[in-house]
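Down below is the structure, laid out as structure tokens.
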Amino acid sequence: MLKNKASSISTEQRNVTRLRVLEHIRRKGAISRIDIAGALQTSPATVTTATADLLSAGLIHEVEGDPQSGSPRRGRPRILLKLNGGSLLIAGFKVTRHYVSVLIADFEGLEIASIKYPLVEACMTPLDFARTIRNALESACAAASVSMSDIAGVSIGIAGLIDAEHNFVHWSSSMSERNVPLGPLLLQELDCPVFIENDANLVAKAEQLFGLGKGLRNFLVITIEHGVGLGIVLNGKLYRGERGCGAEFGHTKVQLDGALCQCGQRGCLEAYVGEYALIREASIAGQDRDRITIADLHDHAQSGDQHALSVLDRAGQVFGMGVSNLINLFDPECIIISGSQVSFQHLYSDSVMERIRKGVVHVDAPLPDIKVNQWDDTMWAKGAIAYAIEQVSTLKIREMPTHAS
Ligand SMILES: [Zn+2]
């Protein structure tokens, strides 16, 4: 029994090393064994064992690098390790109010095809949601000329309170029911591993890997969409909270018994800042505003409409107060304001920055950088791809033989 326990610990250690090595190769693109050992502060023998396992599983392959210079082996090409891009196919999803963005990529994250699958309803029953995901994946596979059975893993970004570890939806504006164990429903429809995640966390992941968060250890990403989301990266890792429903910046309270939020509570930040809140506020004045869109609101403001200007200004002031609270809590290196749809310039105007400065506890050091990244929907799906690659890597490594070599 003791022996079994010891062997399971050593299997676990072996898997941790394999994953660290694989992640390091992914980060670097192409790297030699000796450089991996140096970077991970582990022995070359350990790296050789881990890379042999990854090679035999087909997750990485060897390529020739530039010849070594200044060494006794001068002139001989260096052998580098690279991810085996063609070994696995991954699908990343982002569910919006009107459509589902799907991206199919290889194991290196290289895009093969992307589609937008239109939604009939923004808010679905869990079963309809799972079937919609299946239909969207079928369409994407057809566009990529691949079979559904070629997909090694799917990750789905959903707005709301998501327990990613358990594929469980506490609440989402895309779903008509609360407390949904979505994982089993999706598995029935898709027949491959599925990983769901809060959409703002996927943006934080995309910013960390490809965007403005590259190289940063501690940063926050605020997403402005239908609602307001937050991704927290601390010490280089995504922080989700104990129940998987932390980082709900949009539902922090900014007004006692204030405006009604889509989560059912009152006084939440996104009930003043989210798109739906702006449309609601703009519609109160009447005057043909029943069907006002967010783009109309910005147009009205640009042409000097006082009501439109005051709706956007109030949103900016509430947002500024919220951001100063985040800085007071986290003191991050950088805050990235990220969105894909419409203009959100009213959230980083001079008066909003002044509001932030006024709300941050005074120290004689500059404020964290506040950057804006406006991108299209495929960037959300890229975050989903990155998450799926990580999760599928972990699964594949767990499936590897446990031999002690
Ligand atoms: Zn709320």
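For ligands, and for the atoms within them, numbers begin at 1 and follow the listed sequence.
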Practice item. Answer with yes or no after comparing the ring centroid distance for His346 and His298 against a 6.0 Å cut-off, counting only values under it. Key: yes
**Study point:** Distance-only polar pair, side chains of Ser43 and Thr46, donor-acceptor under 3.5 Å
**Key:**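 Thr46 and Ser43 do have a side-chain donor-acceptor pair below 3.5 Å.
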Exercise for review: If a pair satisfies ring pair (Phe, Tyr, Trp, His ring centres under 6.0 Å) and one of its residues is in residues 227-266, list it, with sequence neighbours excluded.
Suggested key: Trp171-His251
Practice item. Please name all residues satisfying salt bridge (charged side-chain N to carboxylate O under 4.0 Å, His left out) with Glu333, sequence neighbours left out, ordered by chain then number. Key: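 With sequence neighbours excluded, Glu333 shows a salt bridge (charged side-chain N to carboxylate O under 4.0 Å, His left out) to no residue whatsoever.
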Point to revise | Set of side-chain hydrogen bond (donor to acceptor under 3.5 Å, both in side chains) partners for Thr51, sequence neighbours left out | key: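 Expected list: Arg33.
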Review point. If you measure from the Lys or Arg side-chain nitrogens to the Asp or Glu carboxylate oxygens, is any gap between Arg78 and Asp35 under 4.0 Å?
Key: yes
Review point. Leaving waters out, which protein N, O or S atoms fall under 2.8 Å from the Zn ion (ligand 1)?
Key: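 Short answer, with waters excluded from the count: His251 ND1, Cys261 SG, Cys263 SG, Cys268 SG.
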